Amino acid sequence: MTWIFAFLAGLVAALGLQPYNLWGCSLVAVAGWLALLRQTQKTWQIFALSWLFAFGFFWLGLDWIATSFTHQAAMPSWLGWVAVPLLSCYLACYIALFTLPLRFLCLSFQRGKKRADSFQSSDVTLDGADSGDVDAIPSRLFPVGNEAVARERKIKSRFFVGSAAFWSVPVFNISLSQRPLWRLTLALAGCLAWGEWIKSWVFTGFPWSPLGAIWLNVMPIAHIARWIGSYGLSALVVIAAGIGLSCYDGIKSAIEKRQARQAIRSILPAFWMALPFLGWALVDGHDIHWQKSEQPPAHVVIVQPNIPQDEKYDLRYKSRHDAIFEKLSGKGDPHHPRLILWPEDAVQSYLEEEPLARAALSRLLGKNDLLLTGGDALIPDNSGHIASVRNSLFVLGAKGDILDRYDKAHLVPFGEYMPFRKWAAYVGLGRLVAGDIEFTEGAQPESLDLSPFGLVGIQICYEIVFSGRVVDRVHRPDFIFNLSNDSWFGRSGPPQHLAQARLRAIEEGLPIARATSTGISAVIDAEGRILQFLPENTEGRLLAVMPKALQPTFFARHGNLISVLFATALLLIALFGRIKLR
């Protein structure tokens, strides 16, 4: 029964992700995971319980992958329902392996005494509480100079130092070695953050929907990603769940002993631990500093044609598709330059080889307009034969010339390329994207100079999910354009993809424009808020002025090094609580 409960807890934890948004369920489920772990006696049980929890979480969170197989004629659609649990089995191993140190970190001992052989908590309750659902406080939109930026850093530094001192009173006043649940909570939080980070880059990585994405429902907490990244937010989920579990233990013990005073004493530390989060909400809402820019605000037209995946490559519908793009792009105005944003794979022609296709597109543009559209670039070998294809973004001017091109740097495994292709061919597996030529990756993220619209960072589809790897830090853009084709991904894929983009906006302090084939297209500000959007399966366009960027955040300057250091600090604190000398 314990094993079934671990799997069910993982399923419930995934309900905090989009489109369900039941973030409270995630906290309860993680608390249940903690409750199971503190009763374990052996290392293999830690691994098994964590693997089952992660397996359930990924199985429900990645159910959209099964839908993508329905658009591939080369493979049966039922294979998608096999692929999801197989992928979940693989991804769960990362989380399970990184929980193995819990055995070492959470066994308390004293010199000359036998080690405790359990995570079982004592009757003393842990101080803490859930942070609560606090609405974001509207920010004041004004640019500031270097002095204000320095003042911001000083305020934030003092806040964090003050929070640490504030929390140290209830936590370190009582020896951590008497708090097995507290040590287990911190250790699991650090292990989870480490596991998610490793999962994001090993074998090209698959960082889709970290557990910390549930905090997008509590924006003041989500904004902490400016400091510790999305993997740090996942650690905060475990900490919040541990605090809630400790309060439950205290109240339950008080009820059993019929001591109302003890119940009150169990709840008060919860408010104590919540106060720094409330303080953060106040600071977070009033110290936003916007990046100065010499460029005028970019006027963008985001086009969502709502072309189903099954029609996209069918030449019988080409004229109708062209008419949709022409209608939604609108007419140019020589006095108001526009940046027209089309989704990934919007153009089926090879623009570099087909001047007539470029000329047709240029007729949609005003004198000073630019068109950014997804398409394929053919890459020849030394003999002139086509060797590979790149998933690219093209920048077209009003004269029909290609002004710039960006090649997707992070390809989708099994989608744009086939890992272990020779072996996969023996069992009849192929990649989901149509065509026989293999895709190859481009360079790292870069910013395109699209004067007079400023520097624009480009992220094609899947690339936006990689925390800390979406921006050219040497040439920081004014905003990011994320073009995508989410028509593959059923009901849950598009909102989860949008959530990933919002996390990147918060981490980097940059606004994001998203153009997708069937939704969800959106304009996201640098605080991760959705200013405008088009729902799924809707034909339409967004006319917007891109919001300003923030000054580079702490995470934008240091990347996932901060997430790793934060996770390591949690593990060291847990280790400190384990080692107690008489």
Side-chain angles (χ1 to χ4, degrees), residues 1-40 45-66 81 84-85 87-96 98-99 102 119 128-133 181 184-185 188-189 191-193 195-196 199 207-218 221-222 230-231 233-249 251-252 490-493 495-496 499-500 503:
M1 190 63 185
T2 299
W3 313 112
I4 296 175
F5 183 79
F7 171 71
L8 293 177
L11 290 176
V12 173
L15 294 177
L17 301 175
Q18 289 69 20
Y20 313 107
N21 298 313
L22 302 174
W23 62 277
C25 291
S26 295
L27 294 181
V28 172
V30 175
W33 183 24
L34 280 167
L36 292 176
L37 287 175
R38 68 174 175 174
Q39 297 174 5
T40 56
Q45 293 176 334
I46 298 172
F47 180 91
L49 287 171
S50 298
W51 186 89
L52 286 168
F53 176 88
F55 176 65
F57 178 80
F58 290 125
W59 194 351
L60 181 57
L62 300 176
D63 65 339
W64 52 269
I65 292 178
W81 299 106
V84 172
L87 178 61
S88 301
C89 287
Y90 164 70
L91 296 176
C93 291
Y94 286 96
I95 307 303
F98 275 87
T99 57
L102 293 178
F119 296 155
D130 191 351
S131 60
D133 186 0
L181 177 57
L184 175 61
T185 298
L188 182 60
C191 289
L192 177 64
E196 288 192 339
K199 181 171 68 71
W208 191 277
S209 291
L211 183 59
I214 73 167
W215 290 126
L216 287 171
N217 300 291
V218 191
I221 306 302
S230 59
Y231 306 132
L233 289 184
S234 296
L236 292 186
V237 174
V238 179
I239 293 173
I243 290 170
L245 179 59
S246 68
C247 291
Y248 169 80
D249 286 346
I251 295 174
K252 180 181 177 182
R491 175 173 174 264
S492 61
Q496 288 181 18
Q500 292 282 341
L503 286 172

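In this text, all values refer to a predicted model and were calculated from it rather than measured experimentally.
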query: Going through the distances and angles, do R38 and L34 end up as a side chain to side chain contact (heavy atoms under 4.5 Å, CB included)?
result: CA-CA 6 Å; R38 68 174 175 174; L34 280 167; over 6 Å; no
task: Test F58 against I95 for side chain to side chain contact (heavy atoms under 4.5 Å, CB included), laying out the working first.
output: CA-CA 11 Å; F58 290 125; I95 307 303; 4.1 Å; yes
- request: Specify whether W215 and W23 have parallel, tilted or perpendicular ring planes, treating 30° as the upper limit for parallel and 60° as the lower limit for perpendicular.
  value: tilted
message: Counting C-beta onward and ignoring hydrogens, is there a side-chain heavy-atom pair between I214 and L27 closer than 4.5 Å?
response: yes
query: Does Y248 OH have over 12 foreign heavy atoms under 6.0 Å away?
result: no
query: Which value, rounded to the nearest 0.5 Å, describes the distance between L60 atom CG and S209 atom OG?
result: 10.5 Å
message: Counting C-beta onward and ignoring hydrogens, is there a side-chain heavy-atom pair between V12 and L22 closer than 4.5 Å?
response: no
Pairwise distance CD(Q39) to OG1(T2) - rounded to 0.5 angstrom: 7.0 Å
- prompt: Which heavy atom in W64 sits nearest to a heavy atom in S492, and how many Å separate them?
  reply: CB-OG, 3.5 Å
message: Is the shortest side-chain heavy-atom distance between L503 and L233 below 4.5 Å?
response: yes
- prompt: If you look at every heavy atom in G56 and L11, which pair is closest and at what distance?
  reply: O-CD2, 3.2 Å
- prompt: Measuring from W51:CH2 to F7:CZ, what's the distance to the nearest 0.5 Å?
  reply: 9.0 Å
message: Check whether S50 reaches the backbone of A96 with its side chain - one donor and one acceptor, N or O, closer than 3.5 Å.
response: no
message: Please determine whether side chain to side chain contact (heavy atoms under 4.5 Å, CB included) holds for the pair L91 and L62, giving the CA-CA distance in whole Å, both sets of side-chain angles, and the decisive distance to 0.1 Å.
response: CA-CA 11 Å; L91 296 176; L62 300 176; 3.6 Å; yes
message: So Q18 and L216, do their side chains get closer than 4.5 Å, heavy atoms only?
response: yes
task: Return the minimal non-hydrogen interatomic distance between V237 and G212, and the atom names on each side.
output: CG2-CA, 4.1 Å
task: Please check if the side chain of Q496 supplies one atom and the backbone of G61 the other of a donor-acceptor pair under 3.5 Å.
output: yes
task: In sequence, state the C-alpha distance, the side-chain angles, and the governing distance for L52 and F5, and then conclude on side chain to side chain contact (heavy atoms under 4.5 Å, CB included).
output: CA-CA 9 Å; L52 286 168; F5 183 79; over 6 Å; no
query: So, E196 side chain and L211 main chain: donor-acceptor pair closer than 3.5 Å or not?
result: yes
task: Find the distance between OH (Y90) and NZ (K199) and round it off to the nearest 0.5 Å.
output: 9.5 Å
query: Sub-3.5 Å donor-acceptor pair from the side chain of S26 to the main-chain atoms of G16, do we have one?
result: yes
task: Output the distance between atom CD1 (I221) and atom CG (L236), rounded to the nearest 0.5 Å.
output: 7.5 Å
message: Parallel, tilted or perpendicular: which one describes the rings of F55 and W59, with boundaries at 30° and 60°?
response: tilted
task: Compare every heavy atom of W33 with every heavy atom of T99, then report the nearest pair and how far apart it is.
output: CG2-CZ2, 4.2 Å
message: Within this structure, what is the CH2-CG distance for the pair W208 and L87, rounded to the nearest 0.5 Å?
response: 12.0 Å
message: Minimum heavy-atom separation for S234 and P210, please, with both atom names.
response: OG-CB, 3.8 Å
statement: When every non-hydrogen atom of A31 is compared with those of A241, the smallest separation belongs to N-CB, 3.6 Å
